[in-house]
A.B. asks: 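Let me give you the structure first, and then I'll get to my questions.
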Amino acid sequence: MTLRAYQICKRCVSDTSIPSIRFDENGVCQFCASHDRLVQMYPEGEQAQRDLDALVSRIKADGKGKQYDCIIGVSGGTDSSYTLHMAKKAGLRPLAVHFDNGWNSDQAVTNIKRLTDKLDIDLYTYVVDWEEFKNLQISFLKASVPCIDAPTDVGIYAVLYSVAVEEGVRYILGGQSFRTEGTVPREWSYLDGTYVRSVHAKFGTVPLKSFPNLSLFGVFYYTFIRGIRQIPFLNYLDYRKPDAKALLSREYGWVDYGGHHYENSYARFAFGWYLPKKFNVDKRIVSLSGPVRSGHITREQALTALKETPDVDQKLVDYCVHKLGLTQAEYREIFALPVKVYREYFTSENIIRWFKWPIRAAVAMGIFTPVLYEKYFK
Amino acid sequence: MIVIVDYGMGNLRSIQSKLGMIPIEAAISSDPSVIAQATKLILPGVGHFATGMKNLTERGLIPALNRKVLDEKTPVLGICLGMQLLGKRSEEGDVEGLGWIDSEVKRFRFSSEQSRLRVPHVGWNDLVLTRPDSALFRELPAGKPFYFTHSFYMVSNDRDAVAATTDYGQSFVSVVQKGNVYGTQFHPEKSRRYGLTLIENFLRYA
């Protein structure tokens with residue numbers, strides 16, 4: 001590894017802890033440039049309202065005569081809860097789908113329940129086979145890569161797509177928002193079903209029988225044969241997290257947990273402890289850079305927030321190690337393994353790259369989201 | 001006419017709006033003269049067993065329901081509390097039910113080894129079909145889960161009336177059928193498309 005002088009973006013708070021970061025002549029990073037392109041694609045103000053109205057009427061028209069017109073994945077966190085709230089407010093008829101990977105906090109479950117009850121939205125919960133999933137999570141720890149939540153993310157997409165097919169629904173509304181979340185660098189959160197399979201083939205001891213995996217072929221099938229679209233719903237809204245949190249607690253008695261993805265104990269352990277300590281990866285850089293670029297907070301506020309230590313204590317670490325069925329010694333051994341990147345395992349990345357131009361065309365046609373293109377090709 | 005019996009125990013509108021999607025029109029009524037004209041009855045319900053029986057009695061619905069179900073053999077579908085009311089008795093409030101099915105209702109009680117099992121039983125769970133030929137299960141793919149939310153469960157003394165069971169710490173009756181009397185412990189109206197299929201089956205084939 002070549003040593004690189006420390007540098008931080010002049011506009012946001014992304015720095016050289018992101019290996020692939022590049023700066024332009026003004027010292028601004030490529031993620032800021034990506035943000036500006038996305039702003040062009042998802043403009044604010046009156047145009048946003050027109051785009052949203054058009055989208056909502058299309059979803060309603062396609063969903064006529066069906067029990068639901070869209071699927072929304074819910075975690076109990078701010079983004080997905082607000083998506084559910086706004087979708088219902090827009091007159092959509094969503095089915096809420098929750099992927100229970102065994103690490104839910106009670107608060108997450110309560111939040112989901114409060115929202116779906118009050119909004120009268122049906123909730124489908126997919127529960128993983130714990131013995132199998134636990135083993136898969138240990139495989140990702142042993143792989144010594146930062147993307148340890150890849151199995152959960154892949155599983156969520158797989159379940160959302162299959163529920164959409166069963167219900168005959170064409171739209172999956174997501175709670176991602178480039179304005180508040182930024183674009184997560186590939187090397188921190190690379191996902192694909194081939195990657196999940198190859199890592200588990202190398203380190204797993206329990207065969208994957210029921211895990212809902214999603215290969216690249218699967219994504220193409222759902223997208224082109226079944227015509228299912230992922231809609232980044234929040235990108236059409238002037239979404240600001242603090243306002244959304246206030247609204248959710250006022251209207252639903254929804255409870256805030258603090259950090260991004262802290263509704264799930266394993267995510268809290270991953271983002272608040274394991275990633276920063278083992279990989280020097282602080283995902284708050286990404287989730288604070290988004291609001292800085294959008295002008296929701298100042299760069300100084302973000303830098304101050306980064307100085308705070310994440311609120312994760314040894315008890316949570318012990319709980320996670322115990323729940324995974326590892327001994328402290330085994331965990332220490334895993335923790336000490338040399339750091340690797342996803343490219344050292346078999347993935348579909350090359351195939352994705354071959355399809356760069358067709359994917360770009362599909363983005364232009366509104367089939368794939370531009371966010372995906374930005375993540376994989378920029 | 002399909003009538004959803006209104007006896008002040010909730011979730012009527014959600015069933016009506018789901019029927020609207022099939023699309024099938026259903027009336028919501030607590031009027032015995034409307035119930036007398038029903039071709040199919042749906043007895044929904046969320047809440048306390050004794051309150052449910054008290055409400056049915058106070059609204060003067062029990063004679064009307066008995067006449068329809070027992071004499072005219074009009075098909076009836078009890079959902080959740082509505083299914084429990086079909087039985088003879090419940091621990092919840094220790095009162096008698098409608099008595100159409102020889103069964104009792106008990107509370108979930110788990111041993112200390114089963115302490116991870118919470119009461120109420122809330123969430124998606126599978127059916128073990130004991131009478132796969134029941135009209136309710138037509139065109140229903142195997143292995144599809146349904147949405148439950150309950151603290152009490154039915155124990156049937158009449159084995160033939162059990163159409164499906166579900167495991168939650170123990171096996172309990174999740175679907176009953178005796179002649180024209182049908183009941184589901186789960187909420188088909190909250191169970192995605194297969195729940196709707198089941199309601200449609202009841203309306204079409206029962």
Side-chain angles (χ1 to χ4, degrees), chain A residues 60 62-74 76 88 91-102 104 106 108-131 159-170 209-210 212 323, chain B residues 10-26 28 44 46-47 79-80 115-127 139-151 166-168 184 186-201 203:
Chain A
K60 282 183 183 168
D62 282 356
K64 264 208 181 105
K66 287 174 186 151
Q67 193 176 1
Y68 314 104
D69 53 21
C70 58
I71 307 280
I72 298 179
V74 292
K88 184 79 180 190
L92 297 176
R93 294 177 287 116
L95 167 66
V97 175
H98 176 59
F99 184 82
D100 180 352
N101 69 355
N104 273 330
D106 286 347
V109 179
T110 312
N111 279 350
I112 295 172
K113 217 42 210 136
R114 285 189 177 153
L115 257 97
T116 50
D117 281 352
K118 187 156 179 203
L119 292 169
D120 192 23
I121 291 173
D122 292 350
L123 167 68
Y124 172 62
T125 303
Y126 178 90
V127 186
V128 297
D129 176 316
W130 175 242
E131 288 309 312
V159 168
L160 291 174
Y161 274 125
S162 71
V163 171
V165 167
E166 283 190 331
E167 297 296 335
V169 172
R170 285 193 50 214
K209 279 188 191 145
S210 72
K323 189 168 162 137
Chain B
N11 90 331
L12 309 162
R13 308 250 164 248
S14 79
I15 296 176
Q16 192 186 34
S17 72
K18 286 295 164 73
L19 290 181
M21 286 163 194
I22 291 178
I24 284 171
E25 261 187 66
I28 291 179
V46 172
I79 295 173
C80 196
S115 60
R116 61 180 189 87
L117 293 175
R118 295 189 184 177
V119 177
H121 166 221
V122 177
W124 295 76
N125 210 334
D126 299 326
L127 305 185
E139 288 159 46
L140 204 67
K144 295 297 171 189
F146 290 86
Y147 184 78
F148 290 82
T149 170
H150 61 124
S151 304
T166 292
D167 289 322
Y168 188 66
T184 65
F186 51 85
H187 286 273
E189 79 284 7
K190 286 179 185 286
S191 298
R192 302 177 42 203
R193 82 177 267 188
Y194 304 108
L196 272 198
T197 304
L198 193 140
I199 298 180
E200 231 181 316
N201 284 342
L203 297 176

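Proteins get letters first, then strands, A, B, ... in listed order; numbering begins at 1 in each. Worth saying up front: this structure is predicted, and the values here are computed from it rather than measured.
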A.B. asks: At a 4.5 Å cut-off on heavy atoms, which part of A/L123 comes close to chain B: side chain, backbone, both, or neither?
C.D. replies: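 Just its backbone gets close to chain B.
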A.B. asks: For A/V127, which atoms come within 4.5 Å of any heavy atom of chain B: side chain, backbone, both, or neither?
C.D. replies: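 It is neither, since no heavy atom gets under 4.5 Å.
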A.B. asks: How close do A/E166 and B/K144 get, counting heavy atoms only, and between which atoms?
C.D. replies: OE2-NZ, 2.5 Å
A.B. asks: Could you tell me if the side chain of B/R192 sits less than 4.5 Å from the side chain of A/V163, heavy atoms only?
C.D. replies: yes
A.B. asks: Can you tell me which of A/K66, A/K113, A/Q67 forms the most heavy-atom pairs within a distance under 4.5 Å of chain B?
C.D. replies: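 Between A/K66, A/K113, A/Q67, the count favours A/Q67.
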A.B. asks: Under a 3.5 Å distance rule, please check whether A/E167 uses its side chain to pair with a backbone N or O of B/R193 as donor and acceptor.
C.D. replies: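 Checking the backbone N and O of B/R193 against the side chain of A/E167, a donor-acceptor pair under 3.5 Å is found.
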A.B. asks: Is A/Y68 in contact with chain B via its backbone, its side chain, both, or neither, using a 4.5 Å heavy-atom distance?
C.D. replies: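 Side chain only.
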A.B. asks: Could you tell me which portion of A/K64 (side chain, backbone, both or neither) has an atom closer than 4.5 angstrom to a non-hydrogen atom of chain B?
C.D. replies: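 Neither part.
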A.B. asks: Is the shortest heavy-atom distance from the side chain of B/K18 to the side chain of A/D122 under 4.5 Å?
C.D. replies: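 When only atoms from C-beta onward are counted, A/D122 and B/K18 do touch, with a gap below 4.5 Å.
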A.B. asks: What distance separates B/K190 NZ from A/L95 CG, expressed to the nearest 0.5 Å?
C.D. replies: 11.5 Å
